[in-house]
Amino acid sequence: KYEDKNSIRSILILPKNEVYWNNFITEFQSISNKYNILSTVIFYSEIGELIKAIKLSNLSSVDAVIICNIFNSTQIDDAIKQLKLKNIFVASLLNDSLYRNEDTFIGIDYYLKGKMIGNIIYENLNKKNLLAVNIAVVNSPFYSNMGGTLEIKGIVDSLKKHNIKTIDFKSFSSEYGSFSAEVIAKELISENSTFNVIYVSNQPETLTITQSVVLANKIDNFIIIGSGNDEKLLNYKKKGIITALVNDNIKMITQKLSEAIISYKKYGHASSFILTDFSILK
């Protein structure tokens, strides 16, 4: 471990999503501590808070700023440029569509992730005697602004490749917390519902929607693909109620992020585009 005088100071600026980022921060701090990277976390919920956090970082004595940006804004671009004028390392986290002035992008191939999910759906069609696919995609606004669109394209392209002729989908935006997910679940399990596949990208919503399907005794109506590693979710997976759980490889993301910060500090550069993977439990 480096001496304290050689500590690397970083600020993480992240959109509010407690479950996802709590896991991320815990993993990042565990790994980054080995490199003597000291981190401060700032959460934002709207664009003004994000811009303010970037400007605050510019006034602080930091070596690295890691930003998960979900807003397309010239003000954000300008604020990041000001960080670069001070030779602060700037990493774009997860959202490559807005990666412009940062030094490094670290994230996931969401299109590939979607294709893998599409393959899982196809593998399970015969088990449910399904000929047409009607998918409910449940994302948080945070996720929709990042890889949600690419994931859907990957799912659809995968099913088309398998010669599935009828593919319909509808996106649902779920705010954090169970109430909104419960409202969505009611629509999915209603008598008028034609959905036969449910894909949920967040752990809390996966749990809420799966529980609603179980309580309604409609397990056989759906192929459910969710996210998370909660004990209850793993139990649903073991029982076959959930078809698959798909999760970002947070340990790999935080490891690659720490390595990029160290590389920039030591050598003045880091890999500009770093893709990480995801895990599938099926």
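Residue indices begin at 1 and follow the sequence shown.
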- Please report the C-alpha distance between Phe169 and Phe195 in whole Å, then the side-chain angles of each, then the deciding distance to 0.1 Å, and finally whether the side chain to side chain contact (heavy atoms under 4.5 Å, CB included) criterion is met. CA-CA 8 Å; Phe169 70 88; Phe195 294 107; over 6 Å; no

- When rounded to the nearest 0.5 angstrom, what is the spacing between CD in Gln255 and CD1 in Ile31? 5.0 Å

- Item | Any donor-acceptor N or O pair under 3.5 Å, side chains Asn124, Thr243 | no

- Answer whether the closest heavy-atom distance between the side chains of Leu94 and Ile253 falls below 4.5 Å. yes

- Task: Decide side chain to side chain contact (heavy atoms under 4.5 Å, CB included) for Ile184 and Phe172; before the verdict, give the C-alpha distance in whole Å, the side-chain angles of both, and the deciding distance to 0.1 Å.
- Result: CA-CA 7 Å; Ile184 293 171; Phe172 295 86; 3.7 Å; yes

- Identify whether Met252 and Leu93 are in the same connected component of the hydrophobic contact network (ILVMFWY, side-chain heavy atoms under 4.5 Å). no

- Message: Between Asn87 and Tyr264, is there a side-chain heavy-atom distance shorter than 4.5 Å?
- Response: yes

- Quick one: closest heavy-atom pair of Ile70 and Tyr44, and the distance? N-OH, 3.3 Å

- For Gln29, does its backbone N or O pair with a side-chain atom of Asn33 as donor and acceptor, under 3.5 Å? yes

- Verify the neighbour count for atom CD of Glu123: are there more than 12 heavy atoms of other residues, nucleotides or ligands below 6.0 Å? yes

- Note on the structure: In Leu125, Leu130, Ile121, the residue satisfying side chain to side chain contact (heavy atoms under 4.5 Å, CB included) with Asn196 is Leu130

- Go through the steps for Phe28 and Leu257 under the test side chain to side chain contact (heavy atoms under 4.5 Å, CB included), then give the verdict. CA-CA 8 Å; Phe28 177 68; Leu257 174 58; 3.6 Å; yes

- Query: Is there a path of hydrophobic side-chain contacts, each under 4.5 Å between heavy atoms of I, L, V, M, F, W or Y residues, that connects Phe278 with Leu275?
  - Reply: no

- Query: Met116 and Leu150: same hydrophobic cluster, using ILVMFWY side-chain contacts below 4.5 Å?
  - Reply: yes

- Item | Flag for Asn134-Asp168: side-chain donor and acceptor within less than 3.5 Å | no

- Item | Contact check, side chains of Ile209 and Ile189, non-hydrogen atoms, under 4.5 Å | no

- Message: To the closest 0.5 Å, what do you measure between CD1 (Ile80) and CD1 (Ile54)?
- Response: 4.5 Å

- Any donor-acceptor N or O pair under 3.5 Å, side chains Asn36, Ser7: yes

- Item | Note: Glu191-Lys218 ion pair, threshold 4.0 Å (strictly below) | yes

- Message: Any non-hydrogen side-chain atom of Leu159 less than 4.5 Å from a side-chain atom of Ile135?
- Response: yes

- Message: Looking at Lys16 and Glu46, is any side-chain nitrogen of the basic one under 4.0 Å from a carboxylate oxygen of the acidic one?
- Response: no

- Message: Under a 3.5 Å threshold, yes or no: a donor from one side chain and an acceptor from the other, between Ser263 and Glu259?
- Response: no

- Message: If we ignore hydrogens and angles and just use 3.5 Å, is the side chain of Asn247 paired with the main-chain N or O of Gly228 as donor and acceptor?
- Response: yes

- Task: Using a strict cut-off of less than 4.0 Å between a Lys/Arg side-chain nitrogen and an Asp/Glu carboxylate oxygen, indicate whether Lys84 and Glu102 qualify as a salt bridge.
- Result: no

- Output yes when a side-chain donor or acceptor of Thr104 lies under 3.5 Å from a complementary backbone atom of Ser271, and no otherwise. yes

- Spacing of Tyr110 atom OH and Ile117 atom CD1 [to the nearest 0.5 Å]: 11.0 Å

- Message: What I want to find out is whether Lys115 reaches Asp157 closely enough, with some N-O distance under 4.0 Å, to be called a salt bridge.
- Response: no

- Query: Do Asn139 and Ser201 have a side chain donor and acceptor closer than 3.5 Å?
  - Reply: yes

- State whether the side chain of Asp63 and the backbone N or O of Arg9 hold a donor-acceptor pair below 3.5 Å, judged by distance alone. yes

- Task: Flag the pair Leu50 / Phe71 as yes when at least one side-chain heavy-atom distance between them is below 4.5 Å, and no otherwise.
- Result: yes

- Do you know the tightest heavy-atom contact between Ala53 and Ile42? CB-CG2, 3.8 Å

- Check each of Val213, Thr206, Ile224, Leu207 against Tyr236 using the side chain to side chain contact (heavy atoms under 4.5 Å, CB included) test, and report the only one that passes. Leu207

- Item | Contact check, side chains of Ser193 and Glu187, non-hydrogen atoms, under 4.5 Å | no

- Message: Show, in sequence, the C-alpha distance, side-chain angles and deciding distance for Asn202 and Ser227, and conclude whether the side chain to side chain contact (heavy atoms under 4.5 Å, CB included) test is met.
- Response: CA-CA 5 Å; Asn202 292 304; Ser227 303; 5.8 Å; no

- Determine whether Asn229 and Leu245 make a side-chain contact, defined as any pair of heavy atoms from C-beta on separated by less than 4.5 Å. no

- Do you know the tightest heavy-atom contact between Lys113 and Ile108? CD-CG2, 4.5 Å

- Output the distance between atom CG (Asp103) and atom CZ (Phe89), rounded to the nearest 0.5 Å. 5.5 Å

- Task: Provide the closest heavy-atom pair for Ser180 versus Ser173 in the form atom of the first, atom of the second, distance.
- Result: OG-O, 4.1 Å

- Item | Flag, side chain of Ser92 to backbone of Phe105, donor-acceptor distance under 3.5 Å | no

- Item | N-O pairing of Glu27 and Lys251 below 4.0 Å | no

- So with a 6.0 Å cut-off around CG of Leu131, is the heavy-atom count from everything else above 12? no

- Sub-3.5 Å donor-acceptor pair from the side chain of Tyr99 to the main-chain atoms of Ser272, do we have one? yes

- Item | CD1-OG distance between Ile11 and Ser57, expressed to the nearest 0.5 angstrom | 3.5 Å

- Message: If we ignore hydrogens and angles and just use 3.5 Å, is the side chain of Thr26 paired with the main-chain N or O of Asn22 as donor and acceptor?
- Response: yes

- Would you find more than 12 non-hydrogen atoms of other residues, nucleotides or ligands less than 6.0 Å from Lys86 atom NZ? yes

- Any side-chain heavy atom of Val41 within less than 4.5 Å of one from Trp21? no

- Backbone N or O of Pro204 within a donor-acceptor pair of the Thr208 side chain at under 3.5 Å? yes

- Could you walk me through whether Asp248 and Tyr20 pass the side-chain hydrogen bond (donor to acceptor under 3.5 Å, both in side chains) test, one step at a time? CA-CA 10 Å; Asp248 298 347; Tyr20 186 94; 2.9 Å; yes

- side chain to side chain contact (heavy atoms under 4.5 Å, CB included), paired with Ile76, selected from Ile67, Leu98, Asn101, Asn69: Asn69

- Query: Counting distance only, does the side-chain N/O of Ser171 pair as donor-acceptor with the main-chain N or O of Val137 below 3.5 Å?
  - Reply: no

- Message: Quick check on the hydrophobic clustering: are Ile242 and Leu234 connected, directly or via other members, by side-chain heavy-atom contacts under 4.5 Å?
- Response: yes

- Query: How long is the gap from CZ on Phe43 to CG on Leu12, to the nearest 0.5 Å?
  - Reply: 9.0 Å

- Just by modelled atom types, is the Gly154 backbone N or O under 3.5 Å from a matching donor or acceptor in the Ser158 side chain? no

- Query: Do Leu112 and Ile250 belong together in a cluster built from hydrophobic side chains that touch within less than 4.5 Å?
  - Reply: yes

